[in-house]
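Note on naming: letters A, B, ... go to the chains in the order of the sequence lines (proteins, then strands), and numbering restarts at 1 for each one.
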Number of protein chains: 2
Amino acid sequence: MMTANRPYKLVLDRLNGVGLRPTRQRLGLARLLFEGCDRHVTAEQLHGEALSADLRVSLATVYNTLNQFTEAGLLREVVVEAGKSYFDTNTSEHHHFFLENTGRLEDIPGDHLVVQSLPKAPVGTRIARVDVIVRLVEDASPATAPFCD
Amino acid sequence: MMTANRPYKLVLDRLNGVGLRPTRQRLGLARLLFEGCDRHVTAEQLHGEALSADLRVSLATVYNTLNQFTEAGLLREVVVEAGKSYFDTNTSEHHHFFLENTGRLEDIPGDHLVVQSLPKAPVGTRIARVDVIVRLVEDASPATAPFCD
DNA sequence: CGCAGTCTTTAGAGTTCTTCCAGATTGTTG
DNA sequence: CAACAATCTGGAAGAACTCTAAAGACTGCG
């Protein structure tokens, strides 16, 4: 009853949890990012959404916030195209489909993909992360619209 | 005996093979790229090398050439960092180590890495390529210098 | 060989994405 | 609520890349 009336509560806790001051801008952006299903956004996209949602925020702040959230482990950066960064709200270990035609990025569901027999890291280094991008191109038939992005 | 005295012959054939006019610039860049072992370079890097090698060529031409070689299948583009493109002279199917500290990109040798149980592509699409990046960070001990890049 | 005619190259301007800056604003703490 | 620090902002700056229009270099044909 109470929580239902306080939509900010969840994201607020999230910001406090990582020691980021809960400003109007950060709260608003966090709601856009974390309320609803997993998302993959660029800074420009998120900025556009923020303006549409009547959240006055500058592009510089969107960049700052995305980077801070990423450092704090709330987001994960995914690089698939030169000169563009995507931010993924799903920080668990998983991989991606990238639709080259449209620039859409999607999680590969479940554990449908396994990397077998990882090579050992060269001397003096250790593996920090393994990224797999499955690049897709549009086929003859039109794709169905997905729920999330 | 003869071929040993004509170092340009191999790259010349290569350019002719893909229908690119063998200009001084393209020949020079092709030699830097394809004579010697497999390489991973950025446009700026290659431009620097060209100048050091007394090959007068503009940065715009380096970009043009790298893109043309890629379209022709002589190179493969690899994206690992936001806002930077690497070009790989090894066009066969393989994956990469990326050393986050230094920005070095290296091939993962042999078939030491296998992607198991690829998910099926979403309706209306088909898989064009699968990229695997194993991201490394430097450990305590210093890494040994590699032969190629 | 020589000269169209076409393809390439080039310097510099332009684009896009992102970060930096310095001053104004906001959140927090006592 | 004052004071201090953290944050936000628009605009300038930067990095990587592409575009443009004019000059230069190959190639094929005569």
Side-chain angles (χ1 to χ4, degrees), chain A residues 8 11-32 40-51 53-72 74-75 77-87 103 105, chain B residues 8 11-32 40-51 53-72 74-75 77-87 103 105:
Chain A
Y8 285 80
V11 293
L12 209 177
D13 290 348
R14 209 143 175 177
L15 291 185
N16 285 326
V18 296
L20 286 173
R21 202 180 267 193
T23 63
R24 177 177 60 78
Q25 291 86 340
R26 293 213 268 238
L27 277 170
L29 293 174
R31 294 195 66 191
L32 288 174
H40 301 86
V41 297
T42 64
E44 298 272 358
Q45 267 170 34
L46 186 61
H47 186 231
E49 283 182 33
L51 297 189
D54 256 321
L55 170 64
R56 296 195 83 274
V57 61
S58 73
L59 185 55
T61 297
V62 173
Y63 274 104
N64 287 339
T65 303
L66 286 172
N67 288 329
Q68 291 154 353
F69 283 9
T70 301
E71 266 180 63
L74 264 34
L75 290 176
E77 191 175 356
V78 184
V79 179
V80 282
E81 268 185 321
K84 194 178 276 186
S85 278
Y86 286 78
F87 294 86
L105 193 63
Chain B
Y8 284 80
V11 292
L12 210 177
D13 290 347
R14 208 146 176 175
L15 291 185
N16 285 326
V18 297
L20 286 173
R21 200 179 269 191
T23 63
R24 177 176 60 79
Q25 291 86 340
R26 292 213 268 239
L27 278 171
L29 293 175
R31 293 193 68 190
L32 288 175
H40 301 87
V41 296
T42 64
E44 298 273 358
Q45 268 170 33
L46 186 60
H47 185 231
E49 284 182 32
L51 297 189
D54 256 321
L55 171 63
R56 295 195 82 275
V57 62
S58 73
L59 185 56
T61 297
V62 173
Y63 275 106
N64 287 340
T65 303
L66 286 172
N67 288 329
Q68 290 155 352
F69 283 9
T70 302
E71 265 180 65
L74 264 34
L75 291 176
E77 192 176 355
V78 184
V79 180
V80 282
E81 268 186 322
K84 193 177 277 185
S85 278
Y86 285 79
F87 293 87
L105 194 63

Worksheet item: What is the distance, rounded to the nearest whole Å, between atom CD of Gln45(A) and atom P of dT16(C)?
Response: 16 Å
Item to complete: Mark yes or no for whether His47(B), through its side chain, and Val57(B), through its backbone, hold a donor-acceptor pair below 3.5 Å.
Response: yes
Worksheet item: What string of B, S and - do you get for nucleotides 6-22 of chain D, 5' to 3', when a contact is any protein heavy atom under 4.0 Å?
Response: SSSBB-----SBBB---
Worksheet item: Got Leu15(A) and Val11(A) here, is their nearest side-chain heavy-atom distance under 4.5 Å?
Response: no
Item to complete: Give, for atom CG of Leu20(A) and atom CD of Gln68(A), the distance between the pair rounded to the nearest 0.5 Å.
Response: 5.5 Å
Item to complete: Specify the separation, in whole Å, of atom NE2 of His47(B) and atom C1' of dT9(C).
Response: 12 Å
Worksheet entry | All pairs passing salt bridge (charged side-chain N to carboxylate O under 4.0 Å, His left out) where residues 13-25 of chain A contributes a residue, at least two apart | Lys9(A)-Asp13(A)
Worksheet item: Got a sec: does the CD of Glu77(B) have more than 12 other heavy atoms crowding it under 6.0 Å?
Response: yes
Which pairs, protein N/O on one side and nucleotides 2-4 of chain C N/O on the other, fall under 3.5 Å?
none

Worksheet, complete the sentence: Separation of dC7(C) atom P from Leu15(B) atom CG, nearest Å, is 17 Å
Discussion item. Quick check for you: to the nearest 0.5 Å, what is the distance between Leu32(B) atom CG and Leu27(B) atom CG?
Written reply: 11.0 Å
Worksheet item: dT27(D) C1' sits how many Å from Asn16(B) CG, rounded?
Response: 12 Å
Discussion item. Here's a test for you: under side chain to side chain contact (heavy atoms under 4.5 Å, CB included), which of Leu75(A), Thr61(A), Leu29(A), Thr42(A) qualifies with Leu66(A)?
Written reply: Leu75(A)
Fill in: Candidate list Leu105(B), Asn67(B), Leu74(B), test side chain to side chain contact (heavy atoms under 4.5 Å, CB included), partner Phe87(B), passing option
Asn67(B)
